[in-house]
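Structure first, commentary second.
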Amino acid sequence: MMKTIKLKSLALVNFKGIANMEIDFSDRETWITGDNGTGKTTVFDSFLWLLFGKDSTWRSDNNFNIKTLDDKGNPILHLEHSVTGILDVDGKEVKLSRSYVEVWAKPRNRAEEVLKNHKTEFAVNGVKMGTKSEYDEVVSSIIDESVFKLITDPYYFAALKPDVQKSILFDMAGNVSDEDVAKTKPEYAELLDRLTGRTLEQYAKEMAAKKKAINDELKVIPSQIDTANRLMPEAEDWAALESEIAAKKKAVADIDAQIADKSQINENEYKRKSELQKELNDKRLALAKRQADIKGEAMKDVNAKTLDLQKKEYEIRSLADSIQRWQERRQNINLNIAAINDDLAAMRAEYRKINAETLEYPQGAFVCPTCHRPLEIDDIEEKQREMQANFNADKAKRLEKNKNDGKAKKQRMDELTKEVDDLSLKIKTSEQQVGVMKEDYETMKSQIPQAPDTDAMIRNDATCVGLENDIAELANQMGMEFKPADTTELESGKAVLQDALQELYKRLANREQISRIHKEIEELEDRRRANNVALAELERIEDLAFNFQKDKDAELTRRINGLFKVVSFTFTREQLNGNEKLACICTVNGTPYPDVNTAGKVNAGVDIINAICKAKGVCAPLFIDNRERVNSIIPTVSQIINLKVSTDKQLTIKSVM
């Protein structure tokens with residue numbers, strides 16, 4: 001069942017130059033006529049503003065002027081601007097109201113109010129809405145804005161983009177499944193297998209991305225091949241190069257042999273000199289050892305007695321050091337004993353002082369601390385006894401402590417005195433021992449024999465003389481001059497040959513580089529061929545997908561065109577390059593929509609609106625502008641409101657029952 005929405009009345013107050021106007025509309029057809037500028041379009045604007053806050057070009061009220069202007073083009077203030085409309089929705093009236101209200105405020109310290117802002121107020125059936133959202137919900141429950149646009153303006157659909165038109169038409173015609181289309185041609189089964197849950201549009205984007213990647217690579221491959229060719233060295237006679245290299249290597253080997261011969265002479269001489277040097281070192285070592293043996297044997301008794309004397313000297317020095325340490329220790333102990341004696345003298349004086357102390361009663365000792373009255377005689381005597389007992393106990397305690405401390409210090413002094421006596425005895429005994437040891441030292445020193453003349457013994461030793469003669473002979477042989485064989489010229493010639501060989505090797509290396517570049521170019525050509533094959537395959541699948549979509553659209557076209565009486569649609573367009581591009585083209589009785597006259601466009605729009613109303617299950621007031629150019633309108637279920645230009649200087653409303 002179709003939902004029917006009709007406009008019963010509109011009341012405009014100070015809306016875009018119309019000060020006050022009330023219009024009653026016929027359920028069937030209403031004519032609004034007048035000269036240009038009299039407000040025909042304003043009526044349509046008011047209806048759209050009432051519902052959606054927009055004008056007939058679908059601009060929001062922030063982008064067009066609602067307020068009435070004076071002769072200078074300035075808004076007239078202190079006016080309330082409103083539109084009130086009554087709709088018939090399936091036989092039930094709904095009253096809507098939208099007001100544009102000025103907000104005035106009086107600033108501090110100013111007598112006059114100033115325009116602070118504007119606000120929009122809404123009402124439904126006389127009940128003010130708290131928020132715009134509440135009002136929009138009511139309007140949306142009557143009709144959705146996007147649907148309203150499609151079924152109230154015959155020019156609106158044709159102004160949409162082709163892909164939007166196509167989407168709306170496909171939605172109206174119902175869905176044709178991919179499986180149904182695939183059954184029409186065997187090759188479409190392959191396409192469905194490739195889709196694997198993706199839409200055709202998604203798959204087309206993937207193929208386009210792959211084609212772009214391939215084309216991007218195909219664009220750079222020629223430049224890569226060109227670069228490789230430019231980097232390729234010139235080819236040479238590689239056999240001749242290898243022959244020249246072999247000849248120069250043989251020449252280098254011949255020079256190496258000559259250098260080796262001369263080097264062997266030098267090596268033999270160096271070896272002989274090395275052996276002489278070793279023998280010379282051995283002789284010198286043997287001579288030094290023989291001299292040491294002679295000196296050691298001659299000085300054996302002297303050295304033994306000298307060593308004993310040194311040991312005795314060490315014993316004397318060690319005992320003397322011990323005596324010095326004991327003396328220092330005795331001195332320190334005597335200082336401690338003197339300090340203890342001083343402490344004991346002080347403690348004896350303190351003992352006498354404590355012992356001489358007597359009890360003295362403090363002032364007020366025998367007065368009651370509470371009432372401050374003198375104590376009774378018995379109480380005084382009791383307190384005196386108590387105070388005397390405490391005094392005697394404290395005195396005895398301090399005397400006992402002084403006595404004990406004195407005993408401890410006396411005991412420590414006795415211990416130190418004994419240690420001093422022991423040290424004195426040890427020092428005296430050791431000093432006597434040192435005297436005896438010094439006498440022994442002098443005796444031992446006088447008994448050391450005179451050292452023999454070892455230099456004379458060495459000069460007269462036959463072994464030493466023989467070794468010195470051998471050393472002199474070997475040194476003489478080492479000093480003989482040897483001139484090494486000169487290989488400078490041979491080395492220079494070898495260096496020239498090696499430089500030439502390096503240059504030949506570099507030239508020969510070009511053969512491998514040329515081979516590598518040829519291989520790289522072959523790989524690039526293989527990649528180009530593989531990319532072209534892959535590109536052709538992608539284009540084949542792309543064509544298959546395009547044809548699939550064409551066939552699917554053809555079935556949808558058949559269904560879509562069955563919805564209309566005047567218009568028809570096609571969804572392909574031939575391009576100049578021979579390819580086809582999916583599009584949405586509207587024709588009116590076979591003539592493209594852009595080429596038909598105003599009457600044809602209006603009736604085409606009404607035909608489209610009739611189909612959309614049927615598909616959406618709703619119809620609404622249909623506003624037809626420039627109605628003077630259209631003689632007749634095809635039948636429609638919608639309420640018609642014609643806007644017609646006439647010579648009338650004021651708007652004229654005429655209802656057709």
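If you're wondering where the values come from, they're calculated on a predicted model, not measured in any experiment.
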If only atom types and distance count, is the side chain of [X] paired as donor or acceptor with the main-chain N or O of [Y] below 3.5 Å?
{"X": "Asn14", "Y": "Glu80", "result": "yes"}
{"X": "Thr636", "Y": "Ser638", "result": "yes"}
{"X": "Asn603", "Y": "Ser632", "result": "yes"}
{"X": "Ser646", "Y": "Gly34", "result": "yes"}

A side-chain contact here means heavy atoms from C-beta on lying under 4.5 Å apart; do [X] and [Y] qualify?
{"X": "Val103", "Y": "His118", "value": "no"}
{"X": "Ile653", "Y": "Phe25", "value": "no"}
{"X": "Leu241", "Y": "Glu236", "value": "yes"}

Counting heavy atoms not belonging to [X], are there more than 12 under 6.0 Å from its [atom1]?
{"X": "Lys128", "atom1": "NZ", "result": "no"}
{"X": "Lys552", "atom1": "NZ", "result": "yes"}
{"X": "Glu190", "atom1": "CD", "result": "yes"}
{"X": "Arg629", "atom1": "CZ", "result": "no"}
{"X": "Asn631", "atom1": "CG", "result": "no"}
{"X": "Glu201", "atom1": "CD", "result": "yes"}
{"X": "Lys210", "atom1": "NZ", "result": "no"}
{"X": "Lys616", "atom1": "NZ", "result": "no"}

Does a donor on one side chain and an acceptor on the other come within less than 3.5 Å for [X] and [Y]?
{"X": "Ser56", "Y": "Thr41", "answer": "no"}
{"X": "Tyr188", "Y": "Asn547", "answer": "no"}
{"X": "Ser9", "Y": "Asp24", "answer": "no"}

Which distance, rounded to the nearest 0.5 Å, do you find between the CG of Asn642 and the CD of Glu628?
->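 Going from the CG atom of Asn642 to the CD atom of Glu628 covers 10.0 Å.
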Between CD1 on residue Ile640 and NZ on residue Lys6, distance to nearest 0.5 Å |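 Going from CD1 on Ile640 over to NZ on Lys6, the span is 11.0 Å.
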Under a 4.0 Å N-O cut-off, is there an ion pair linking [X] with [Y]?
{"X": "Lys649", "Y": "Asp35", "answer": "yes"}
{"X": "Arg507", "Y": "Glu512", "answer": "no"}
{"X": "Lys519", "Y": "Glu522", "answer": "no"}
{"X": "Glu520", "Y": "Arg516", "answer": "no"}

Is the Phe47 to Phe148 ring centre distance short of 6.0 Å?
->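 Under 6.0 Å, so yes.
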Kindly indicate whether a cation-pi arrangement holds for Lys601 with Tyr593, taking the cut-offs as under 6.0 Å to the six-membered ring centre and within 45° of the axis.
->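 Judged by the rule, Lys601 and Tyr593 form a cation-pi pair.
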If you draw the axis of the six-membered ring of Trp104, does the NZ or CZ of Lys116 fall within 45° of it and under 6.0 Å from the ring centre?
->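 The answer is no, since Lys116 fails at least one limit relative to Trp104.
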Evaluate the ring planes of Tyr100 and Trp49, with Trp represented by its six-membered ring, and classify them as parallel (under 30°), tilted (30 to 60°) or perpendicular (over 60°).
->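 The rings of Tyr100 and Trp49 stand perpendicular, inter-plane angle above 60°.
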side-chain contact (heavy atoms from CB on, under 4.5 Å) between Leu508 and Ile245: does it pass, once the steps are laid out?
-> CA-CA 9 Å; Leu508 187 62; Ile245 289 171; 3.8 Å; yes
